[in-house]
**Student:** 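First the structure, then my questions, so here it is.
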Amino acid sequence: MTTIPTTGPGAGVQASAEPWERYTHQPHWRNREDEFEGAKLGMWLFLSTELLLFSGFFCAYFVLRHFYPDAFRGASTHFLDWRIGAINTAILLISSWNVAVAVRAAQLGQKMILAGNIFFASLCGVAFLVLKLALEYFPKIQKGEVPGAFFSYAGGHGYDPSPYDPIFLSVYWVSTATHGFHVLVGVLLLWWVGWRALKGHFGPKHYTAVENVGLYWHLVDLIWIFLFPLLYLVP
Amino acid sequence: MTTIPADTAGAHDAHHDLPYLARKGGWATTVWDWMTTIDHKKIGVMYLFAILIAFFVGGVAALTVRLELWSPVQTVQNAAGESVVTGREIFSSNTGYNKAFTLHGAVMVFLFIIPSIPAALGNFVLPLMLGAKDVAFPRLNLFSWYVYVVGSLFAVAAILLGGVDTGWTFYTPYSVIAEDYHRVIAMTLAVFILGFSSIFTGMNFIVTVHKLRAPGMGWFDMPLFVWGIYATSIIQVLATPVLGITVLLLTIENVFKIGIFNPAYGGDPVLYQHFFWFYSHPAVYIMILPGMAIMSELIAVHARKRIFGYKFVAFSSLGIAAISFIVWGHHMFTAQGELASAIFSGLTFLVAIPSAIKVFNWTATLYKGSIAMTTPMAYALIFMFLFSIGGLTGLFLGSLSTDMHLHDTYFVVAHFHYVMMGGTVMALLGGIHHWWPKMFGKMYNERWALVGAALVFVGFNTTFFTQFILGTKGMPRRYATYVPEFQSLHQLSTIGSMILAVGFLVHLMVFVMSLAGGRKAPPNPWGGLSMEWETASPPIEHNFHHEPVVRHHPYDFDDTVPPQTDPAEFPLPEPAPAGRGH
Amino acid sequence: MSHAEPHAIEFEHGHTHHVTSMRLLNTILVILLIFTGLTVAVSRVHLGESLNLWVAVAIAVFKASLVCAVFMHLLHDKAISSLVLFFCVLTIGFFFLFTLIDMDSRHMVDPVRAAPIAAPTIVEEARAEAIAAGELDPAAHTDESHDEHGDAGEH
Ligand code: HEM
Ligand SMILES: [Cu+2]
């Protein structure tokens, strides 16, 4: 991953024909470029729907924070550790970089760089989930820091819960859990792409799946970029 | 610009030249072939089948609701001096009635009308009109049908488990504190899943329109049907996710008892209404825009006239799509704050502009056209009449002060039936008749179909015009009981619904008879100019023998001989006097 | 940027695809990490409830734009991708704008509508249980700041 060979267009084409070199396109498309652009347009439309889906959480967040600013401040500082959030942000940002490098590697036909970055990014995703589960979700469930009717946190450490704390936790849980689900899906997709990359499916002439799964992964990162300050850093 | 790779250009073996309906073998093979097909035509037919079933289920629920309202429910003293309830026609309780109208509303909206035109007719016709071999993502297309079926199964499960009585709007707090909340969960999950199906269809069409137009077909060479479906798809993609998150949150609230909408835990129930209508107002345009899309085809083809103001009609679709996102608050005049109400009321009037542009342009197209009184044309005229009433009464409701009086009355019920049924369903019926010969290769019996259309028209107005009157007199919606003064109007409405049902049965009979023994359809029975008429009826598996080329505008009726027709059948108009160019 | 590094590849005859340089990717990553630090730092400075929120959102928007422009290739992509994103963000904007207008103006004519809903009782119940079980010292109750939210005991 450290040294990038300086290759010209098509320099990745090796003597033994890889599957991507033989790729034409599905019969209903007129050419490969149309197919690629069409798939990417489809992906962007899908990403829009994802953003709009998450916009619901953000809308609820703004409205409820508007109603209960004190509870949001107290609950955020007390229930959430910004350091975990910050580490997770960094993890996702780095994995996003990996994915961007992977797309580049696919374009240049650098199979191992492609696969390496994809798998590293998926490891980042796993790390994100592990941190989230081990340091946040499980302890929270044990301490009763869950929203709504199951809330049973009784205070402590000099903190006195506000009656509205469960509302902050509602927003926190639903939005991060939905995001976490997207990370999980992303990891699975990355494995699928990585596996196909190893089989030589992707190269300068065909890298639609790398590009689109990459876009999806960036979106997961993008949403976290907003969730992190809004949930963990309420001053 | 485009090169067709040898392996696909030459793929015209006999197998692919067969009509798409040709059987591939025995029963099992045929069923398997349909269940795994990625052919947009078959998927369109599968959708058509599915939505018609939904329409039937929703229709039966509607009839039971109407029957229950035959007489007001009263508690009276019998001869022995005991209190007895009289006037219960069907349901023994109000809850039963509530479940029936919820079933009707939810099924009609989510299972029938939203997927109806785009997923059934759009799937079949849109790629043909563009001269494409298929939609952009054929497998996603099939997947969306299965998603639709799974979503519908959830809805059926909710019904079989005992039904939901929240109304199709699932307003909080009732929907999160209902005792039978597990059925509400099943229903909201159904809506969530159905939303995906709708999104996939929308995405597919947008990419298809962008990337798969025939060589030489510019944006303004597309038939207006495509423009309408394109605008619809934009709304589907941009609005449906918010419905998704709304019902997802509702489901989570019900399962985990959290409080974003539930006031018992500090949530805000009015926030739910914002979420819901942010989708559901644009959704009414998901319903009507495809209807308008069909209208432009019906009017132009069956009046053999170049459409008046092509670009206005095309752009008004996009205009409607855009405006539909900023008026949702007109459903919440009695719930939200006053400032928001005032703003939303003002914005609501904007919607009328592009809607009116369309109606005026259709009227202008009809002017001096050679109108053929076919069933599609009959439905086009019915649409114009009914939609105008529906749209104009929408303006009454959109003005804040009148809505305070009319909100939650039968006036609203009548309004949205005039637009949804009088608009979308009439256009759907017109469209089905218009493309029926293309889809199944058989003609239908015009005379009986016109009888059906007449019954539907009379039945519809009898059913719903009375409801405008009921509403202005103060009859609230969603009640099983009412004061006796309203009885005659309610009975008139119920009689209308029976006529309507008979009309639909006539149509069903016409379709069955056509399939069983209809005359074989010519490739272009109406003399249409868009590309679906250039291929056989029914189309061959790969749509066209050769990649079609754009030779004329889809509405150039003045100087184009329709493809695949006998020149005597659709003669060109007299040569225009000098100076009348275009 | 090294000259041997390609800026584009030929994807298909007549269609080239842009290749992002390593240097740009690295720079962007560093900026993103720095701004993550910045957003943490700014949250420690008290600028007032709404200003803090706006700054946090602004930084997030900036970071998101970088991700979109470079990692997601919008900078060198066909305009249609940016257009899709634009309309998506616009739609979200409408969603937030009108909902928040309502939330912010409910008190204007009818003050009752703006009052927070009666405080949920879950927290009180949890405390009572903990006190009964001897896990919590009743004296630990030092709640003053939340009294204005109405009677928590009433349900
Ligand atoms: C000229 C355009 C339109 C205007 C100005 C308009 C206005 C309104 C208003 C203000 C209401 C709320 C009434 C109330 O609850 O008090 C309403 C309800 C409704 N409209 Fe429209 N409308 C228009 C077109 C349409 C179309 C095209 C459709 C569907 C195809 C539609 C479907 C509905 C439905 C389903 C409801 C009732 C929702 C419910 O509460 O269950 N409207 N309309
Ligand atoms: Cu509306």
Side-chain angles (χ1 to χ4, degrees), chain A residues 23-64 66-68 71-72 146-151 162-175 177-178 181, chain B residues 1-5 7-8 11 38 40 127 132-140 195-196 199-200 202-204 206-208 210-212 215 233-234 236-246 248-249 252-253 256-262 264-268 271 274-275 278 542-543 547:
Chain A
Y23 185 81
T24 52
H25 53 77
Q26 288 173 7
H28 63 291
W29 291 98
R30 298 208 180 79
N31 54 41
R32 227 161 0 95
E33 171 77 4
D34 273 3
E35 183 183 58
F36 178 82
E37 290 293 334
K40 200 164 62 178
L41 176 57
M43 195 63 198
W44 271 104
L45 290 168
F46 179 70
L47 297 188
S48 302
T49 68
E50 292 281 19
L51 283 176
L52 279 150
L53 188 107
F54 275 93
S55 77
F57 296 127
F58 290 108
C59 189
Y61 174 91
F62 286 123
V63 166
L64 295 171
H66 177 83
F67 280 157
Y68 316 113
F72 266 57
V146 289
F150 301 115
F151 182 87
S162 140
Y164 294 96
D165 280 356
I167 297 175
F168 173 81
L169 289 173
S170 295
V171 178
Y172 162 81
W173 274 91
V174 292
S175 55
T178 313
F181 175 73
Chain B
M1 186 193 83
T2 47
T3 46
I4 303 164
D7 63 318
T8 52
I38 53 170
H40 69 101
K133 288 207 190 81
D134 207 321
V135 291
F137 311 118
R139 276 173 301 184
L140 185 68
F196 276 101
I199 288 176
F200 292 153
M203 276 168 48
N204 225 332
I206 293 181
V207 180
T208 309
H210 274 269
K211 294 284 167 197
L212 285 174
S233 304
I234 294 178
Q236 281 177 304
V237 166
L238 290 180
T240 317
V242 178
L243 174 74
I245 188 65
T246 310
L248 186 66
L249 283 174
I252 296 177
E253 296 220 350
F256 295 108
K257 303 288 165 218
I258 69 167
I260 286 177
F261 303 135
N262 187 349
Y265 304 120
D268 180 8
L271 182 64
H274 279 296
F275 271 55
F278 181 83
H542 277 188
N543 292 356
E547 184 161 50

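Within every chain, numbering begins at 1; the chains are lettered A, B, ... in the order of the sequence lines, protein sequences first and strands thereafter. None of these values were measured; they are calculated from a predicted model.
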**Student:** Taking atom CD1 of B/Ile245 and atom OG1 of A/Thr178, what is their separation to the nearest 0.5 Å?
**Tutor:**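 Reported to 0.5 Å precision, the distance equals 5.5 Å.
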**Student:** Say whether, by atom type as modelled, one donor and one acceptor occur between the side chain of B/Tyr265 and the main chain of A/Tyr164 under 3.5 angstrom.
**Tutor:**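 Checked: no pair found.
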**Student:** Begin from the C-alpha positions of B/Lys211 and A/Glu33 and carry the test side-chain contact (heavy atoms from CB on, under 4.5 Å) through to its verdict.
**Tutor:** CA-CA 10 Å; B/Lys211 294 284 167 197; A/Glu33 171 77 4; over 6 Å; no
**Student:** Between atom OG of A/Ser55 and atom CZ of B/Phe278, what is the distance when rounded to the nearest 0.5 Å?
**Tutor:**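 Interatomic distance, A/Ser55 OG to B/Phe278 CZ, rounded to 0.5 Å: 7.0 Å.
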**Student:** Assess the residue pair A/Trp29 and B/Leu212 against the criterion (side-chain contact (heavy atoms from CB on, under 4.5 Å)); give the C-alpha distance rounded to whole Å, side-chain angles, the decisive distance to 0.1 Å, and a yes or no.
**Tutor:** CA-CA 7 Å; A/Trp29 291 98; B/Leu212 285 174; 3.8 Å; yes
**Student:** Quick one: pull up CD1 in B/Ile206 and CG in A/Leu45 and give me the separation to the nearest 0.5 Å.
**Tutor:**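 That separation rounds to 5.0 Å.
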**Student:** Closer than 4.0 angstrom, basic N to acidic O: yes or no for A/Arg30 and B/Glu547?
**Tutor:**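 B/Glu547 and A/Arg30: salt-bridged.
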**Student:** Would you say A/His28's side chain and B/Ala136's backbone share a donor-acceptor pair under 3.5 angstrom?
**Tutor:**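 Checked: pair present.
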**Student:** Which residue out of B/Asp134, B/Ile260, B/Val242 racks up the most heavy-atom pairs below 4.5 Å with chain A?
**Tutor:**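 Answer, by heavy-atom pair count under 4.5 Å with chain A: B/Ile260.
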**Student:** Taking all atoms of both residues into account, what is the closest heavy-atom pair of A/Ser170 and B/Gly259, and its distance?
**Tutor:**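 Minimum heavy-atom separation between A/Ser170 and B/Gly259: OG-N, 3.5 Å.
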**Student:** Is it the backbone or the side chain of A/Phe46 that comes under 4.5 Å from a heavy atom of chain B, or both, or neither?
**Tutor:**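 Both backbone and side chain.
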**Student:** Based on non-hydrogen pairs under 4.5 Å, which of B/Ala132, B/Ala239, B/Pro138, B/Gly244 is most in contact with chain A?
**Tutor:**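 Ranked by heavy-atom pairs under 4.5 Å with chain A, first place is B/Pro138.
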**Student:** If I take atom CG from residue A/Leu53 and atom CG from residue B/Leu248, how far apart are they, to the nearest 0.5 angstrom?
**Tutor:**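 That separation rounds to 7.0 Å.
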**Student:** Is the closest side-chain heavy-atom distance between A/Trp173 and B/Ile252 below 4.5 Å?
**Tutor:**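 No - every pair of side-chain heavy atoms lies 4.5 Å or more apart.
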**Student:** I'd like to know whether OH of A/Tyr23 has more than 12 heavy-atom contacts from other residues, nucleotides or ligands below 6.0 angstrom.
**Tutor:**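 Atom OH in A/Tyr23 is crowded, with more than 12 foreign heavy atoms closer than 6.0 Å.
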**Student:** Using a cut-off of 6.0 Å, state whether more than 12 heavy atoms not belonging to B/Phe137 lie near its atom CZ.
**Tutor:**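 More than 12 heavy atoms, drawn from other residues, nucleotides or ligands, come within 6.0 Å of this atom.
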**Student:** Quick check for you: to the nearest 0.5 Å, what is the distance between A/Thr49 atom OG1 and B/Met203 atom CE?
**Tutor:**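 Going from OG1 on A/Thr49 over to CE on B/Met203, the span is 7.0 Å.
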**Student:** What is the distance from atom NE2 of B/His274 to atom SG of A/Cys59, rounded to the nearest 0.5 Å?
**Tutor:**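 If we round to the nearest 0.5 Å, B/His274:NE2 and A/Cys59:SG are 8.5 Å apart.
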**Student:** Is B/Leu238 close to chain A through its backbone or its side chain, or both, or neither, when contacts mean heavy atoms under 4.5 Å?
**Tutor:**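 Both parts, backbone and side chain.
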**Student:** Between B/Leu243 and chain A, which part of the residue has a heavy atom less than 4.5 Å away: side chain, backbone, both or neither?
**Tutor:**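 When you check distances to chain A, no heavy atom of B/Leu243 falls under 4.5 Å.
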**Student:** With only heavy atoms counted, which part of A/Leu64 is less than 4.5 Å from chain B, the side chain, the backbone, both or neither?
**Tutor:**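 For A/Leu64, the contact with chain B is made by the side chain alone.
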**Student:** Heavy-atom pairs under 4.5 Å with chain B are the metric here; pick the option from A/Val146, A/Val174, A/Leu51, A/Val171 that has the most.
**Tutor:**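 Looking at each of A/Val146, A/Val174, A/Leu51, A/Val171 in turn, A/Val174 comes out on top.
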